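Predicted model only: the values in this text are computed from it and were never measured. Order of the sequence lines fixes the chain letters, A, B, ..., with proteins taken first and strands second; residue numbering starts at 1 for each chain.
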Amino acid sequence: MGEIFAMAGANLVSPMVLSFALGFAAALARSDLSFPEAAAKALALYLLFAIGFKGGASVADHGLDGTLVLAIAAGAALSALIPLIAFGLLRAVSGLDRVNAAAVAAHYGSISIVTFVAATSALASAGMAYEGYLVAVAAVMETPAILVALWLARAGQGERRPAEPGGHDAGLWREIALNGSIVLLTGAFLIGLVTGPKGLAEIESFIIDPFKGVLCLFLLDMGLVAGRGMRTGARFLAPPVIAFGVAMPLIGGALGLGAGALIGLSPGGVALMTTLAASASYIAVPAAMRVALPEANPSIYLTLSLGITFPFNLTVGIPLYSAAAALVTGG
Amino acid sequence: MGEIFAMAGANLVSPMVLSFALGFAAALARSDLSFPEAAAKALALYLLFAIGFKGGASVADHGLDGTLVLAIAAGAALSALIPLIAFGLLRAVSGLDRVNAAAVAAHYGSISIVTFVAATSALASAGMAYEGYLVAVAAVMETPAILVALWLARAGQGERRPAEPGGHDAGLWREIALNGSIVLLTGAFLIGLVTGPKGLAEIESFIIDPFKGVLCLFLLDMGLVAGRGMRTGARFLAPPVIAFGVAMPLIGGALGLGAGALIGLSPGGVALMTTLAASASYIAVPAAMRVALPEANPSIYLTLSLGITFPFNLTVGIPLYSAAAALVTGG
Amino acid sequence: MGEIFAMAGANLVSPMVLSFALGFAAALARSDLSFPEAAAKALALYLLFAIGFKGGASVADHGLDGTLVLAIAAGAALSALIPLIAFGLLRAVSGLDRVNAAAVAAHYGSISIVTFVAATSALASAGMAYEGYLVAVAAVMETPAILVALWLARAGQGERRPAEPGGHDAGLWREIALNGSIVLLTGAFLIGLVTGPKGLAEIESFIIDPFKGVLCLFLLDMGLVAGRGMRTGARFLAPPVIAFGVAMPLIGGALGLGAGALIGLSPGGVALMTTLAASASYIAVPAAMRVALPEANPSIYLTLSLGITFPFNLTVGIPLYSAAAALVTGG
Amino acid sequence: MELHRKKRVEVIVEAPALARILRFLDERGVKGYTILPAIAGRGASGRVWSREGQVGEAGRMVAVVAIMDEARLAPLFDDLFRVVSRQIGIVSVSDCDVVRGEAF
Amino acid sequence: MELHRKKRVEVIVEAPALARILRFLDERGVKGYTILPAIAGRGASGRVWSREGQVGEAGRMVAVVAIMDEARLAPLFDDLFRVVSRQIGIVSVSDCDVVRGEAF
Amino acid sequence: MELHRKKRVEVIVEAPALARILRFLDERGVKGYTILPAIAGRGASGRVWSREGQVGEAGRMVAVVAIMDEARLAPLFDDLFRVVSRQIGIVSVSDCDVVRGEAF
Ligand SMILES: Nc1ncnc2c1ncn2[C@@H]1O[C@H](COP(=O)(O)O)[C@@H](O)[C@H]1O
Ligand SMILES: Nc1ncnc2c1ncn2[C@@H]1O[C@H](COP(=O)(O)O)[C@@H](O)[C@H]1O
Ligand SMILES: Nc1ncnc2c1ncn2[C@@H]1O[C@H](COP(=O)(O)O)[C@@H](O)[C@H]1O
Ligand code: NA
Ligand code: NA
Ligand code: NA
């Protein structure tokens, strides 16, 4: 128990979390501190490339154990299941209409890769190893949630509305499946897998050594964006919606914890599976919702996911999930 | 004396100074070499974060000695005093009117964080240590000069002009105080202070190892911008104004030297205090002047600060101030 | 022979080539993965600065051997000669008109610095050293090809057309000679030369350690741009033009190989000279052609150079040129 | 040189919907368009946006400018408006003159 | 669809003054605006600017586009001009047509 | 405030030709202009471009906006069109109103 608090405390005063807090505070105080869009995107590309490559190289090094397929199946199942729970919960308690509830639900079934990255970083500091292929699980979890949420949104509309001009659905599915971040994460994973530890050795002073520092800068930017989102968007979040933003990661996380333990992941692996299930997308899914469900209000789902759930997971969630994983696996 | 020339020589042929010279020459020759705005801003964010964090971590490591408060008070006093001297000098010799003289004066009371960073880098090469909290002194020196300069500009207008539409002064003060670079510098300093050497160890391969190289690229860009400024703006600078741009850093530097020695800073600390006092802002203060004193001509203050004083400090000033600091402290 | 295939195989599954392939495939599949323009430019600036600096520092370290002047003269001669061959070949087999053939020819006489950088990286992996001043040779080879190609294009127009409004030719020559990438490459080379191994030591954790990783990210972006180019531009390339895009690097490379061997470069040096002669510009020359030969169709020369020749050189060419260089020099 | 009167259509729309708008313009045979970035804005909803520091596309706006003949615009305008009005965005039309009348 | 004639106000102004301009537009109840970046320019003063490589805001320009009803513009235009003319910048007004007339 | 009718010239042109266009405007005594970035486009040729990930200038477009008096425009317009039409780009002209008539 003491250890848990120690890890939670260490997490809270890590440069990563403090950088996020700095950005969040600066935005709330209306400082003009800001990152150029191009710089934020470049940092995100770096993080995706590095985390994907490292995962692949680690699989190449340690070999594939049989749980890989199970983990991927479990990830896909969680991504499809969580939106159903989220949708039910939102409809029951939040007063959001069907379309908005479905749009929010999609975010929670999908994942936040930055939360995942921050968790790997916290695990590394705590000396907990994890399965490299969880990066592939993360990539797999991005999409199913979107499909389920669209089905939820449209189930209520009786039948599909007539085709809109310029609105090919085929284009939409390709866009979702070939979404840049999935492609980069998966591609870098495959490159890491093919080139293995030798490839990693060639570029590790780029993708390993400065990784945590880059993550700090990126979290600083996330803090700025999240804080600005809260400043301008908080009025769109009714109290039950805010409560959902804290409760849902715990529910999703519990499912991830169970799934990870069942399929026999390592303690670190269970912690990451829990984190993935608990995290909510705020990059890929919002864009997909603007295309597929334009009637839903982005001020609700973006503010909730980035302004409430992301900070919760980053500060309280990650140490909690790690502790729970250690407990459950006896690790 | 020989040592001084040796250090000056070493400084002149350092990769940092040569990178600046390359940019300056390329711009004067009208090469189309240029940095994207977003890249330049990203480099600046990196430098602010890194220098702030290192300062804080160093204070956490070495403990606060009693001179911290003195140094901050001295910095604030210098920042308020230097504009008075600069203003008097400009009015006496340069022929600038009250508003333009006040706007220029604000720049010299404030500081250039890149000059500070270059000085820390030169000190490191020369093996001179310095107090980590001088980063906080730098942050404190940004603002007072602006307030004094506005008072100087308005003192002559009898009374304040009537409120302009859209021109809330309260907004202005908040903007100046919560200026992005002050917030980032101070915030990173605090993060370094809280996380200490352990936090630094986590991200030092990002904020320490590549630091000098990043600084070279940034100075290359500064050279390009300064050279372009001189090419298009030199005609706005009368000879006495140019002379001021070289004399004022020496005057300000002398005050900084005295203050630093009086409060008992280390030789490296005195060198930095001298550099701060000698340096002139070219990022934060110009933007503040466009808001607060739009009547002043930006071609004068930007060209002077970036095209004359910055190169002077970078090439001649820093080794001179370091040598003087060594002399005065007997270090 | 076995070694050659081994090196070719190793090159094909290097993180560099796979990153390019990932980008190329993502673009062909119409993924929305993309780099911000500012990030791509920043990566290019880094690579130019790093490769130039390293070359200069290496010359400072190893001293200038007498072949430097010969190598530069050979580079300039190749850059002027290759467009003549390319132009003749294109006019004979491709059906391109005079202006388009001349524009394409300019690209093949000039060089691709990224191909050069990738070759130095492959040489390093294979443990082959090379002369640092080849960076200067690369800089010299950018321009002559443009002049020859303009002469080829205009030779057929009888006499020069009357001056266009806004079309000063003097401006054009300065733009070409002071082109940003030449200035940066040459400037960084000179800085490396002046500051030598000591300067390199100061910034090597920025320009050496992360170099290969940065190159991977940049090649990923190149893959995206090249793939997008092929997707939208392939219809502008008739089969003989495509064949030219593969044959011409072999012809140019053979000339480079002979020249490099004749003047007595090291095996690595010959490999680089071959690579320079084989590579085709896709940054500097296209822009120059838009200014100097706006009648030529950019969809032809850009698609050919970036979509055909660059991938060919990166995957097949570099190991082939290295093997040939080893063979010829007996190295 | 003789000038020809054309319509300049300006669509300011959220970035995720851009592909849909362009697909629409392509299908309807619009001859050309140019996309300009926007950096921030505010709408009647009071919703403020800014692309500073943003990684995602949602909450970013772009401006599509297409110059075309009135005869080409008339049959597609209502549908264009319908596509845009489902998204965050506005459409406006103004007059302009060009030289090569047949190219628009 | 019926079109309604509106005014398109375009303010090209230095970036440090942007907050002041937007505050003004907000206070005067303007319903919406969009801010576009500019990359370079030259004015009557001969002053050339370019944002390449710039870190600071001074010496950078932006374009604010606001479409609004003439009845809304008339009472605020003189003050808007006064704000802009203290800064580096220009204001121009042109006609345009929109669909939802009441939204502007 | 009294408004003066001016012409707003908009040149959308490939980036490598920008220096040439600006040199032309400078030589002809145009009092001011502003350059806006573009991010993508398509023309009558079917050629699609996008500046995403691009390092070079070729295949990138910019928009030059210059507000000027009709009397100033008339003598330079034909030559401007000639310069632009050799490059990838289009020119359009529309009406707008400004306050300080003599400044344009
Ligand atoms: N009247 C207007 N003038 C210019 N841009 C507008 C106007 N109204 C809305 N916009 C733009 O369209 C976006 C969405 O508007 P809205 O849907 O009203 O929130 C705003 O953020 C602005 O960028
Ligand atoms: N006639 C004009 N047309 C378009 N933009 C202009 C014009 N005049 C000035 N500008 C813009 O406004 C800025 C400041 O102009 P000035 O105050 O005259 O130096 C210029 O740098 C241009 O970006
Ligand atoms: N009708 C149009 N409206 C707006 N922009 C256009 C139009 N036609 C061409 N453009 C722009 O000019 C570029 C070159 O056109 P083109 O020369 O026809 O390929 C396009 O990529 C667009 O950015
Ligand atoms: Na989730
Ligand atoms: Na100072
Ligand atoms: Na070549």
Side-chain angles (χ1 to χ4, degrees), chain D residues 5-15 17-18 34-54 59-68 70 73-97, chain E residues 1-40 51 54-55 57 60-70 72-73 92-104:
Chain D
R5 177 62 37 116
K6 302 285 163 186
K7 290 294 181 186
R8 182 182 189 275
V9 182
E10 188 176 75
V11 180
I12 299 180
V13 71
E14 53 178 333
L18 179 61
T34 300
I35 299 141
L36 308 176
I39 45 181
R42 186 176 61 72
S45 63
R47 196 167 26 212
V48 176
W49 65 272
S50 156
R51 71 174 194 180
E52 272 175 354
Q54 296 278 8
R60 202 161 67 79
M61 309 284 291
V62 293
V64 181
V65 172
I67 296 172
M68 68 184 89
E70 181 147 26
L73 178 60
L76 67 77
F77 184 78
D78 286 11
D79 282 345
L80 174 63
F81 178 74
R82 210 168 299 132
V83 176
V84 176
S85 66
R86 284 182 60 210
Q87 309 281 160
I88 300 176
I90 60 172
V91 187
S92 65
V93 179
S94 56
D95 289 331
C96 72
D97 298 314
Chain E
M1 239 167 258
E2 205 194 335
L3 290 176
H4 305 270
R5 177 61 39 115
K6 301 287 164 186
K7 290 294 181 186
R8 181 180 189 277
V9 182
E10 188 175 75
V11 181
I12 299 180
V13 72
E14 55 179 332
L18 179 61
R20 178 171 286 166
I21 307 286
L22 299 186
R23 220 153 41 212
F24 173 82
L25 296 176
D26 289 346
E27 282 170 12
R28 291 302 186 89
V30 165
K31 288 212 178 164
Y33 45 76
T34 300
I35 298 139
L36 308 176
I39 45 180
R51 71 173 193 181
Q54 295 277 10
V55 174
E57 290 290 277
R60 202 161 67 79
M61 308 283 292
V62 293
V64 181
V65 172
I67 296 172
M68 68 185 88
D69 202 274
E70 182 148 24
R72 198 179 290 281
L73 178 60
S92 64
V93 179
S94 56
D95 289 330
C96 71
D97 298 314
V98 301
V99 176
R100 286 176 305 189
E102 73 293 349
F104 293 86

Applying a strict 4.5 Å limit to non-hydrogen atoms, the region of D/Val93 in contact with chain E is both

Measure the [atom1]-[atom2] distance between [X] and [Y] for me, rounded to the nearest 0.5 Å.
X: D/Arg8; Y: E/Cys96; atom1: CZ; atom2: SG; value: 10.0 Å
X: D/Ile12; Y: E/Thr34; atom1: CD1; atom2: OG1; value: 3.5 Å
X: E/Ile35; Y: D/Trp49; atom1: CD1; atom2: CH2; value: 7.5 Å
X: D/Leu80; Y: E/Met1; atom1: CG; atom2: CE; value: 9.5 Å
X: D/Ser92; Y: E/Asp95; atom1: OG; atom2: CG; value: 11.5 Å

Evaluate the criterion side-chain contact (heavy atoms from CB on, under 4.5 Å) for residue pair E/Val62 and D/Ile39; output intermediate values, then yes/no.
-> CA-CA 9 Å; E/Val62 293; D/Ile39 45 181; 4.0 Å; yes

Less than 4.5 Å apart, side chain to side chain, heavy atoms only: is that true for E/Pro37 and D/Pro37?
yes

Residue set satisfying salt bridge (Lys or Arg N to Asp or Glu O under 4.0 Å) with D/Arg42, at least two apart, ordered chain then number -> E/Asp26

Bottom line for E/Leu22: the part with an atom under 4.5 Å from chain D's heavy atoms is neither

